[in-house]
Structure formats: C-alpha cells, structure tokens
J.: 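One structure is given below, represented as structure tokens, and several questions about it will come after.
No hydrogens, no waters, no symmetry mates; every other heavy atom, side chains included, goes into these values. We count residues from 1, following the sequence as given.
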Amino acid sequence: MRAALLRLRRGTGLPVAFGGLLDGPRQVRIGELIGTGTRALQGLAISSGNGLGGKAVALSRPCAVTDYHVSRHISHEYDAAVAAEGLRSVLAAPVVVRRRVRGVLYGALRAAQPLGDRTLSAAVAAARDVEQALVVRDEVRSLLAAAREAVAGPDGARGAGAVSASVSGPGPGPEAWEQVREAHGALRALAPRVTDASLRAELLAVCGRLESATLLPDHARDRPVALAPREVDVLSCVAGGATNATAAERLGLRPETVKGYLRSAMRKLGAHTRWEAVVAARRAGLLP
C-alpha cells in the first residue's frame, strides 16, 4: 500500500496520498498516510456509500471532487477529518480484486482545482499495483493452506517429521504427494513476487518443511548438497514436468537463464539428466 501511494504521488503530482484496505464487510480503514500534516485521517473507517471513498467503493470506480466540503455529489460524514488536514480537491481510486473492492487509494490537494483525466489514470495505475499484490498474496495463502493440509494429512496430526517417517511405510498416497509437490513448485515460483516480508518468510518456511518431508534416515541419506534458491526453483518446475520455456515463464526468467541454473544444479548433484537431478534433489531433502 505504501509503495502504491508513493507511485500515486509521483504519477499525479498530488502532495497528499493516503489509503487503506478492507476492514470488515464493505468498510475500508485508512492505514497509510503520506504528505499529511496531522493524524486526523489515521484509522478512519470509510463505509460503503459514505464520503468520496465510500462512493468509490459502492460504484467500484474512481471518483473525484474539486472542493470536498461543498460538493453535492458526496455525503459529508468525514468533513471534520478532511477539514483538519486542510484538503480541498480529492480523488479516490478503488482497489478491486475479482470484482470485489479490497481497498481505496486517495490523492489530494489543499487547493480547490479540477483533477483531470491524466491524474485519475495515474491514480488507477497505482491502485493496480495493490490489486496485483493482493492477487499474489491470496494465491500464496491458498497454496500455504493446501500445503499444510497435505503435510498434516486427513487427521490433522501429521507434521513434516511424521510425513518423513511414513515415506518408507504407510502414509500419504501418490495423489497426496503430487499435491504436496505441486504446491511446493507453485510456492517456490511465487516467492520472488511476494513483497510482504513476513508472508514471504512464512512461505519459505513451509517450502522448507515440504522439502524435508521426504528425507530418508541419516544412514541412507545422500551427502548434503547446497543449491542456490533459483536452482531449487528451477528443479521444482522440472519436477512438475515443466519445459525450460515454461519454467522461465513461471519464474520470470529467460530460458537461457533457466538452462544455466539447471546445468549448475545437475553438476552439483552429480546428475546426467533432468530426472536424475530431481531424484537426487529429493533424496537430499531439497525437493518434496
């Protein structure tokens, strides 16, 4: 949100930017302020249909007013907070993900002057940044939930260690393991796109649990091999049957770069083929 507000301010030239995400049914809470002189807007809860932001939420489209306090096109529940900050011309751009409003970005001037289409377009572009980040976050959380469920098993009691112990005996069937491996590959591909540090750390921690789930007992385990994160990412894609071109698309890399990572991983693992590299990585606990 903060990065998007900075982009909004740069793209529009508006000195004040603020915004927030959904907090309860059809209510947005202002959580980020840039260029403000007071804390009057901090934590303000914007209900759908109320004020300029509430109008943007209700209509799912950007809205603007030239002079907030005298505008007849909005309701005025938040006049006191807006007046305390001295704002006059204000725009609001909704953050819409899969047809659902998830937040609002605002830009404002302390003078009453029209905000043109170019300014509104720049605000919408900034809102798109938040939309894309939320799509990635939603996908990551969905995959994390699927990965946890696959590792835990149907009774919810199985952890990574229990899964490891069951590899050579009764345990998750082939379909469950395919789900684990698919989730792992998708999580590895998403990790570089996650900007939320805590979410990325949680994602990588779950990846680590999945990677260690197939470790054999110490006496049967291959010598530990250290692979670079991108080498593991590429092997995860290969393990799922991806070609170099498909892996490149998923990871945001060039096909030649994927080939380089794959060759390096094969060399470290002592493998002569792609599949040998995948098998060796699984034995080393680098892939589930």
J.: Cut-off 3.5 Å, side chains only: do Q113 and S89 have a donor facing an acceptor?
T.: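 On atom types as modelled, these side chains do not qualify, holding no pair under 3.5 Å.
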
J.: So how far is it from L286 CG to K268 NZ, rounded to the nearest 0.5 Å?
T.: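 If we round to the nearest 0.5 Å, L286:CG and K268:NZ are 10.5 Å apart.
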
J.: Is there side-chain contact between V28 and D23, with at least one heavy-atom pair below 4.5 Å?
T.: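 No, too far: nothing below the 4.5 Å cut-off.
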
J.: Check the pair C63 / L91 against side chain to side chain contact (heavy atoms under 4.5 Å, CB included), numbers first and verdict last.
T.: CA-CA 6 Å; C63 302; L91 63 80; over 6 Å; no

J.: For L227 and L235, run side chain to side chain contact (heavy atoms under 4.5 Å, CB included): C-alpha distance rounded to whole Å, both residues' side-chain angles, the deciding distance at 0.1 Å, then the answer.
T.: CA-CA 10 Å; L227 295 185; L235 282 178; 3.6 Å; yes

J.: Any chance you could measure R128, atom CZ, to L105, atom CG, to the nearest 0.5 Å?
T.: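 Answer for the CZ-CG pair, R128 versus L105, is 11.0 Å.
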
J.: With side chains defined as the heavy atoms from C-beta onward, is the minimum distance between R88 and L109 less than 4.5 Å?
T.: no

J.: Rounded to the nearest 0.5 Å, how far does CD1 of I30 lie from CE of M1?
T.: 8.0 Å

J.: State the CG-CZ distance between L44 and R39, to the nearest 0.5 angstrom.
T.: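 With rounding to 0.5 Å, CG (L44) is 12.5 Å from CZ (R39).
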
J.: Would you indicate whether K259, at its atom NZ, is surrounded by more than 12 heavy atoms from other residues, nucleotides or ligands within a distance under 6.0 Å?
T.: no

J.: Assigning hydrophobic clusters by single linkage (Ile, Leu, Val, Met, Phe, Trp, Tyr; side-chain heavy-atom cutoff under 4.5 Å), is L52 placed with L41?
T.: yes

J.: I would like to know whether E85 and T36 meet side-chain hydrogen bond (donor to acceptor under 3.5 Å, both in side chains); could you show each step before the answer?
T.: CA-CA 7 Å; E85 191 57 48; T36 54; 4.6 Å; no

J.: Should the pair F18 and Y106 be assigned to parallel (<30°), tilted (30 to 60°) or perpendicular (>60°) ring geometry?
T.: parallel

J.: Are any of the side-chain heavy atoms of L251 and R230 separated by less than 4.5 Å?
T.: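 Result yes, sub-4.5 Å side-chain heavy-atom pair found.
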
J.: Could you tell me whether the side chain of I46 reaches within less than 4.5 Å of the side chain of V57, counting heavy atoms only?
T.: no

J.: Measuring only between side-chain heavy atoms, which start at C-beta, is E131 closer than 4.5 Å to L134?
T.: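 No. Closest side-chain heavy atoms not under 4.5 Å.
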
J.: First locate atom CG of L33, then atom CG of L5, and finally report the distance between them rounded to the nearest 0.5 Å.
T.: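 Between atom CG of L33 and atom CG of L5 there are 8.5 Å.
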
J.: Can you find a heavy atom in the side chain of R102 that is under 4.5 Å from one in the side chain of V96?
T.: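 Contact flag for R102/V96 side chains = no.
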
J.: In the single-linkage hydrophobic clustering (I, L, V, M, F, W, Y; side-chain heavy atoms under 4.5 Å), do V82 and I34 co-cluster?
T.: no

J.: Do S264 and E231 have side-chain atoms, one donor and one acceptor, less than 3.5 Å apart?
T.: yes

J.: Is the shortest heavy-atom distance from the side chain of I74 to the side chain of Y68 under 4.5 Å?
T.: yes

J.: In sequence, state the C-alpha distance, the side-chain angles, and the governing distance for V90 and L115, and then conclude on side chain to side chain contact (heavy atoms under 4.5 Å, CB included).
T.: CA-CA 8 Å; V90 186; L115 302 174; 5.8 Å; no

J.: Is any side-chain heavy atom of T273 less than 4.5 Å from a side-chain heavy atom of E276?
T.: yes

J.: Under a single-linkage definition using a 4.5 Å side-chain heavy-atom cutoff for Ile, Leu, Val, Met, Phe, Trp and Tyr, are Y261 and V278 assigned to the same hydrophobic cluster?
T.: yes

J.: Any chance you could measure L287, atom CG, to C207, atom SG, to the nearest 0.5 Å?
T.: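 These two atoms lie 10.5 Å from each other.
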
J.: Can you list the steps and then say if K55 with H73 is a side chain to side chain contact (heavy atoms under 4.5 Å, CB included)?
T.: CA-CA 9 Å; K55 182 178 180 180; H73 302 293; 3.8 Å; yes

J.: Under a 3.5 Å threshold, yes or no: a donor from one side chain and an acceptor from the other, between R26 and S48?
T.: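 Indeed, the side chains of R26 and S48 share at least one donor-acceptor pair under 3.5 Å.
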
J.: Walk me through it: do R254 and N244 pass the test side-chain hydrogen bond (donor to acceptor under 3.5 Å, both in side chains)?
T.: CA-CA 9 Å; R254 295 169 59 86; N244 289 346; over 6 Å; no

